[in-house]
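FYI, side chains are in, hydrogens and waters are out, and symmetry mates aren't considered; it's all heavy atoms of this structure. Residue numbering restarts at 1 for every chain, and letters A, B, ... go by the order of the sequence lines.
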There are 2 protein chains.
Amino acid sequence: MKEQFKLDNQLCFRLYTASRLLTQAYHPLLSEQGLTYPQYLVLMVLWEKDAQPVNDIAKRLMLETNTVTPLLKRMELQGILTRSKGLADARQVIVSLTEKGQNLQKLLTDVPIKVGSAVLCKSVTPDTVPALFGMLDDIIAKLDNQVNPHET
Amino acid sequence: MKEQFKLDNQLCFRLYTASRLLTQAYHPLLSEQGLTYPQYLVLMVLWEKDAQPVNDIAKRLMLETNTVTPLLKRMELQGILTRSKGLADARQVIVSLTEKGQNLQKLLTDVPIKVGSAVLCKSVTPDTVPALFGMLDDIIAKLDNQVNPHET
DNA sequence: AATATTTATATCGTTTGCGATACAAAATTA
DNA sequence: TAATTTTGTATCGCAAACGATATAAATATT
């Protein structure tokens, strides 16, 4: 049995598992408002800057538009946002929050704190989080560049 | 706009993105053999220890059996493994590798090295990987315990 | 032994995620 | 201007994930 194939030596399996479990930790908090985790991500993007085209949202989340489009349609059905043809560019679909979508921010105020406290542990503290963020950001940047080589 | 809702301050979004991108990095290497990343995980579990019940595989991967069962069925259709009723306990389904499943280990020999080199970067090196693994393992253990409180 | 409970898998329905492809609008080129 | 290419979204199909539920086999209880 080669060491390289041991599950305990895999970075990807750790990321995959940590991601799934952390998403599960969000689940009870978000489902109170009928939201899923990816939908919550869309909300965070739009809370930062409302009225964005589908493409910008997809880019910000590093997802493909064929993932984001159905996600947005489901959120539109829930009355969280609206999708309207762009005026400047008729190809674009501009996504805007409804009042319900804006109000969700207040209703979800304590979600970040609750989830944050659920993650804190011996090796993950306010002191070590910056290092963890740095490593994850580097990994993301490196992989993103390989899949999608950037200009310059 | 509250700081807590900024995408750039989210651990979960980083884990989610890093996990997706790293899985995508595996994709071209695994699809050569008709495999997906979760199927590759199952193979690693069975290479470590062949002939395991569905439940043990699910526990090792920290997945639910309703995720693993269809995964195993697809792999059975591909001739990678067999599913047979347990002799001791007739409720169990014992999953065993076929010769094809065993041979895949040789065919995939250089996958870990290739993916490993795709991840290495300034802040993620052989020196810092243990610290990263430690933090991810702690997060996983903490979250696992909250969802699924362990005895003792 | 008969009944109730637990355990091991499986089925069903919904939401993601993504490769491949389609299509219309905009930009570029001939 | 007409033809070509590029860009922005959407559609389709497939493989996860997972909550809720079902079913059969094993275990515990009465």
Just list the side-chain donor-acceptor pairs under 3.5 Å for residues 118-128 of chain A, sequence neighbours left out, or say none.
residue  : atom : partner  : partner atom : Å
A:Ser123 : OG   : B:Asp138 : OD2          : 2.6
A:Thr125 : OG1  : A:Asp127 : N            : 3.2
A:Thr125 : OG1  : A:Thr128 : N            : 3.4
A:Thr128 : OG1  : A:Ser123 : O            : 2.8
A:Thr128 : OG1  : A:Thr125 : N            : 2.8
A:Thr128 : OG1  : A:Thr125 : O            : 3.3

For B:Gln92, check side-chain contact (heavy atoms from CB on, under 4.5 Å) against everything at least two apart and list the hits. B:Pro53, B:Asp89, B:Ile94
Which pairs with one or both residues in residues 12-39 of chain B pass salt bridge (Lys or Arg N to Asp or Glu O under 4.0 Å), sequence neighbours excluded? A:Asp137-B:Arg14
Which angle, rounded to 10°, do you find between the first-five-pair axis and the last-five-pair axis of the helix from C:dA1-D:dT30 to C:dA30-D:dT1? 10°
Greater than 12 external heavy atoms within 6.0 Å of B:Ile113's CD1: yes
Partners passing salt bridge (Lys or Arg N to Asp or Glu O under 4.0 Å) against B:Lys114 (at least two apart in sequence or in another chain): B:Asp110
Partners passing side-chain contact (heavy atoms from CB on, under 4.5 Å) against A:Ser31 (at least two apart in sequence or in another chain): A:His27
Which residues pass the side-chain hydrogen bond (donor to acceptor under 3.5 Å, both in side chains) test with A:Asn103, sequence neighbours left out? A:Lys106
A:Arg83: partners by side-chain hydrogen bond (donor to acceptor under 3.5 Å, both in side chains), with sequence neighbours left out: A:Glu76
Please name all residues satisfying ring pair (Phe, Tyr, Trp, His ring centres under 6.0 Å) with A:Tyr26, sequence neighbours left out, ordered by chain then number. A:Tyr37, A:Tyr40
Rounding to an integer number of Å, can you tell me how far A:Leu72 CG sits from D:dG8 C1'? 13 Å
How many Å lie between CG on A:Asp56 and C1' on D:dT7, as a whole number? 13 Å
Using chain A heavy atoms and a threshold of under 4.0 Å, write down where along DNA chain C the contacts begin and end, 5' to 3'. C:dT15 to C:dA26
When every nucleotide of nucleotides 16-25 of chain D is labelled 5' to 3' by its protein contacts under 4.0 Å (heavy atoms), B for base, S for sugar-phosphate only, - for none, what sequence of letters results? SBBBB----B
Could you tabulate the donor-acceptor pairs under 3.5 Å formed by side-chain atoms of residues 58-73 of chain B, not counting sequence neighbours?
residue : atom : partner : partner atom : Å
B:Arg60 : NH2  : A:Asp8  : OD1          : 3.4
B:Arg60 : NH2  : B:Glu48 : OE1          : 3.4
B:Thr69 : OG1  : B:Thr65 : O            : 3.0

